Amino acid sequence: MNTSNPETETAAAPSPESRPSNFLRDAVLEDLKTNKFGGRVQTRFPPEPNGYLHIGHAKAICLDFGLAAEFGGHTNLRFDDTNPEKEETEYVDSIMQDVKWLGFEWSGLFYASDYFDQLYAWAVQLIKAGKAYVDDLSADQIRKYRGTLTEPGKDSPFRNRSIEENLDLFERMRAGEFPDGARVLRAKIDMASPNFNLRDPVMYRILHADHHRTGSKWCIYPLYDFAHGQSDSIEKVTHSMCTLEFEDHRPLYNWFIKELGIFPSQQYEFDRLNLTYTLLSKRKLLQLVRDGRVNGWDDPRMPTLSGLRRRGYTPEAIRNFCGAVGVSKTTGSIELAMLEHFVREDLNKRAPRAMAVLRPLKVVIDNYPEIQTEEMEAVNNPEDPSAGTRKVPFSRVLYIEQDDFREIPPPKYFRLSPGREVRLRYGYFVTCKSVVKDAKGEVIEVHCTYDPATRGGNNPPDGRKVKSTIHWVSAAHAVDAEVRLYENLFTKEDPNHTEEGQDFTVNLNPNSLEVLACCKVEPSLASPAPGSRYQFERLGYFCVDHDSAPGKPVFNRTVALKDTWAKVEKKTEKNK
Ligand code: ATP
Ligand code: MG
């Protein structure tokens with residue numbers, strides 16, 4: 001598979017037998033058995049275009065598209081665009097790009113705003129049936145009249161307007177005769193219902209705002225509850241899956257469908273994805289973007305699909321993660337480490353290996369001929385023999401990681417130190433003989449000798465062993481690169497958890513981005529294609545950022561390899 005152009009990857013539906021079942025799948029199977037919808041499975045993914053999609057949406061997308069595909073059904077992409085003030089074409093475009101990137105193809109592309117005329121006609125139908133009325137109470141009054149969990153609501157004084165008066169007022173609401181908030185249209189259901197959503201919910205509000213698609217045609221807009229189920233019904237959606245917070249809305253969803261006598265779409269609820277150290281709310285992510293706390297929606301620290309893509313996540317890794325997370329009827333929290341596990345697992349299989357030095361320390365091999373360069377053979381991917389090998393130049397002056405040398409090695413430190421021999425991967429065994437220090441006493445150059453009998457990094461004939469293998473790049477051939485390292489965006493497992501009066505931004509991690517401007521990478525990485533992914537030996541997985549210029553690549557670290565040493569070292573540092 002082509003790692004540099006993920007846009008072309010599509011998701012194949014696994015066969016029905018290979019999938020573990022869940023309550024959503026069981027519901028579909030049951031409906032197929034009873035032939036409820038004539039053997040049809042039609043789903044939809046209904047994002048509101050008020051932000052970029054995040055990993056939580058990926059879970060919904062995988063369910064909506066995955067379940068339909070499994071049974072030969074179809075999935076529409078429908079923009080739920082009933083809040084003109086928050087919605088923008090930029091978001092519509094990004095959502096389409098992200099759904100495609102994730103590997104899914106929609107059957108129909110729709111907008112709730114396509115249905116505004118039909119929804120208006122249905123509102124009139126309900127008024128005529130005595131099931132809806134225009135209310136003059138303010139939003140505040142409506143809230144007060146709604147009652148509490150223990151007390152029933154009170155009827156609005158406008159609840160029993162005549163049908164004629166309601167028709168006239170609703171028509172005039174549409175004609176723009178009244179200011180924002182002056183009146184609403186409400187469904188006439190039951191002010192004493194134990195379910196708040198049935199206490200005469202608002203169907204339409206007045207809002208003199210331009211809409212990204214319908215412009216100034218409308219100054220009244222339907223609310224979610226009056227738009228969603230009917231949109232499903234128009235599209236003959238059989239299984240409408242949404243998150244658990246809409247469970248209490250289901251009776252209303254069904255009420256509108258029944259009263260209007262339209263196609264009986266059915267709503268099912270599943271748990272929202274929550275991830276530790278992560279916020280999955282477009283509103284809050286928008287706040288981070290607007291306030292410049294991150295560098296845009298596709299900042300690699302963002303949990304958005306565009307951020308994860310830029311970070312180096314593959315669609316497969318995200319789909320596999322969503323599959324493993326599954327669905328349930330209770331909301332919990334998933335470890336961020338689980339998401340990272342899936343990207344490691346996928347990239348391990350597909351990412352070519354390369355050598356890069358993030359914090360360079362110069363090594364001079366005193367007994368290596370000054371003018372010589374050798375081409376060392378390096379394996380591109382030990383997990384994939386078909387990936388072949390490449391040549392990496394080796395010469396007298398090299399760079400290694402500062403971390404791979406200690407003048408005074410701590411206990412259990414097996415890498416390079418004075419008198420110690422280590423293996424340079426694909427290179428030679430080298431032994432540290434001396435160091436050069438600057439005026440401050442910092443080691444700036446390490447001098448070694450090499451053993452010609454260990455060419456390729458192989459063990460010498462005398463059977464001598466070393467305890468450590470380190471990576472390197474040849475100084476004369478190295479390409480300068482910028483590398484961006486990321487930590488969790490938030491320091492708290494639950495970033496919403498704050499002291500009274502504080503906002504979630506207090507939990508932002510001040511060290512979430514570290515830019516290393518003077519890295520050295522092997523020459524094969526001089527001008528890699530943006531979006532291509534590599535494993536830098538011993539350092540992790542990295543993805544080429546679109547900020548790269550020819551000869552000046554920029555890499556984002558997707559995820560580190562598990563580095564047990566770093567953990568030990570951090571702990572001992574803390575204990576000092
Ligand atoms: P947000 O609070 O981030 O804006 P939302 O639910 O308002 O989320 P929508 O654009 O309305 O976002 O969502 C489109 C679909 O994605 C809905 O079916 C919604 O239930 C689902 N969805 C949104 N967030 C999650 C999540 N964290 N986990 C699973 N599904 C989600
Ligand atoms: Mg929403």
Side-chain angles (χ1 to χ4, degrees), residues 37 40-53 57 60-61 64-65 68 73-100 104-127 132 170-171 173-176 185 187 201-242 246 249 252-253 256-257 259-267 282:
F37 296 108
R40 240 170 23 87
V41 179
Q42 171 76 56
T43 63
R44 88 290 169 259
F45 173 61
E48 184 180 353
N50 61 350
Y52 281 58
L53 297 182
H57 293 109
I61 293 170
D64 292 328
F65 283 87
H74 297 280
T75 305
N76 293 338
L77 175 60
R78 184 203 314 142
F79 289 100
D80 199 346
D81 55 350
T82 54
N83 287 316
E85 287 167 311
K86 292 186 184 154
E87 295 157 2
E88 288 174 29
T89 308
E90 176 196 345
Y91 299 142
V92 169
D93 295 341
S94 76
I95 289 169
M96 293 200 278
Q97 187 194 359
D98 288 347
V99 173
K100 280 191 214 155
F104 297 104
E105 278 172 44
W106 52 85
S107 302
L109 175 63
F110 299 108
Y111 295 81
S113 55
D114 293 340
Y115 310 139
F116 281 172
D117 284 297
Q118 176 66 76
L119 291 171
Y120 182 82
W122 277 335
V124 169
Q125 182 183 330
L126 288 179
I127 296 173
F170 188 50
E171 171 57 39
M173 277 169 64
R174 178 191 184 163
L185 183 73
V202 175
M203 295 162 56
Y204 267 93
R205 58 187 172 140
I206 301 173
L207 192 63
H208 293 265
D210 272 3
H211 185 278
H212 75 112
R213 294 188 77 240
T214 57
S216 58
K217 178 174 174 193
W218 296 90
C219 63
I220 56 171
Y221 290 95
L223 271 85
Y224 171 89
D225 284 317
F226 191 64
H228 202 89
Q230 287 84 311
S231 301
D232 285 344
S233 185
I234 291 169
E235 294 170 23
K236 299 212 162 30
V237 166
T238 56
H239 300 82
S240 174
M241 292 171 283
C242 62
F246 292 101
H249 295 240
L252 181 55
Y253 180 104
F256 283 128
I257 283 180
E259 294 300 328
L260 292 168
I262 56 180
F263 182 83
S265 298
Q266 270 188 358
Q267 177 183 304
K282 279 182 281 183

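Computed from a predicted structure; not experimentally measured. Note that the numbering runs from 1 along the sequence shown for the chain.
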Engineer: Using the benzene-type ring in the case of Trp, are the ring centres of Phe79 and Tyr91 under 6.0 Å apart?
Structural biologist: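 No: the rings miss the under 6.0 Å criterion.
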
Engineer: Quick one: CD1 on Ile257 to OG on Ser265, what's the gap to the nearest 0.5 Å?
Structural biologist: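 Going from the CD1 atom of Ile257 to the OG atom of Ser265 covers 5.0 Å.
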
Engineer: Is the His249 to Tyr253 ring centre distance short of 6.0 Å?
Structural biologist: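 No; Tyr253 has its ring centre 6.0 Å or more from that of His249.
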
Engineer: Please walk me through it: do Arg78 and Glu235 pass salt bridge (charged side-chain N to carboxylate O under 4.0 Å, His left out)?
Structural biologist: CA-CA 10 Å; Arg78 184 203 314 142; Glu235 294 170 23; 2.9 Å; yes

Engineer: So does His74 have more than 12 non-hydrogen atoms from other groups sitting under 6.0 Å from NE2?
Structural biologist: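 Atom NE2 in His74 is not crowded, with 12 or fewer foreign heavy atoms closer than 6.0 Å.
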
Engineer: For Asp80 and Glu87, work out which heavy atoms get closest and say how close.
Structural biologist: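 Heavy-atom minimum between the residues: O-OE2, 3.5 Å.
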
Engineer: Can you tell me how far CD of Glu48 sits from OG1 of Thr82, rounded to the nearest 0.5 angstrom?
Structural biologist: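 Rounded to the nearest 0.5 Å, the OG1-CD separation comes out at 6.0 Å.
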
Engineer: Please work out whether the ring planes of His239 and Phe37 are parallel, tilted or perpendicular, with thresholds of 30° and 60°.
Structural biologist: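 Plane angle over 60°, so perpendicular.
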
Engineer: Between Glu90, Lys282, His57, which is the residue that forms a side chain to side chain donor-acceptor pair (under 3.5 Å) with Tyr52?
Structural biologist: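 Only one option passes, and that is Glu90.
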
Engineer: Answer yes or no: is there an ion pair linking Asp81 with Lys86, defined by an N-O contact shorter than 4.0 Å?
Structural biologist: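 No.
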
Engineer: Can you label the angle between the Tyr120 ring and the Phe170 ring as parallel, tilted or perpendicular, going by 30° and 60°?
Structural biologist: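 Ring orientation of Tyr120 relative to Phe170: parallel.
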
Engineer: How about Arg44 and Ser240: does a side-chain donor come under 3.5 Å of a side-chain acceptor?
Structural biologist: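 Arg44 vs Ser240: donor-acceptor pair found between side chains.
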
Engineer: Quick one, Asp114 with Arg213, criterion side-chain contact (heavy atoms from CB on, under 4.5 Å). Give me CA distance, side-chain angles, the key distance, then yes/no.
Structural biologist: CA-CA 9 Å; Asp114 293 340; Arg213 294 188 77 240; 2.8 Å; yes

Engineer: Under the criterion side-chain contact (heavy atoms from CB on, under 4.5 Å), I'd like the reasoning laid out for Ile61 against Phe104: C-alpha separation, chi angles, the key distance, then a yes or no.
Structural biologist: CA-CA 8 Å; Ile61 293 170; Phe104 297 104; 3.5 Å; yes

Engineer: Do we see a donor-acceptor contact under 3.5 Å between the side chains of Ser216 and Asp210?
Structural biologist: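 Checked: Ser216/Asp210 side chains show no N/O donor-acceptor pair below 3.5 Å.
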
Engineer: Would the distance check show the side chain of Gln42 and the main-chain N or O of Ala68 forming a donor-acceptor pair, the cut-off being under 3.5 Å?
Structural biologist: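 Side chain of Gln42 to backbone of Ala68: no pair is present.
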
Engineer: Are Trp106 and Asp64 close enough, and set up right, to give a side-chain contact (heavy atoms from CB on, under 4.5 Å), and what steps lead you there?
Structural biologist: CA-CA 10 Å; Trp106 52 85; Asp64 292 328; over 6 Å; no

Engineer: For the residue pair Tyr221 and Tyr204, is the inter-centroid distance of their aromatic rings smaller than 6.0 Å?
Structural biologist: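 No, the ring centres sit 6.0 Å or more apart.
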
Engineer: Go through the steps for Gln230 and Tyr115 under the test side-chain contact (heavy atoms from CB on, under 4.5 Å), then give the verdict.
Structural biologist: CA-CA 9 Å; Gln230 287 84 311; Tyr115 310 139; over 6 Å; no

Engineer: Going by distance alone, is a donor N or O of one side chain under 3.5 Å from an acceptor N or O of the other, for Thr214 and Ser113?
Structural biologist: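 Their side chains do not contain a donor-acceptor pair, so the 3.5 Å distance test is not met.
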
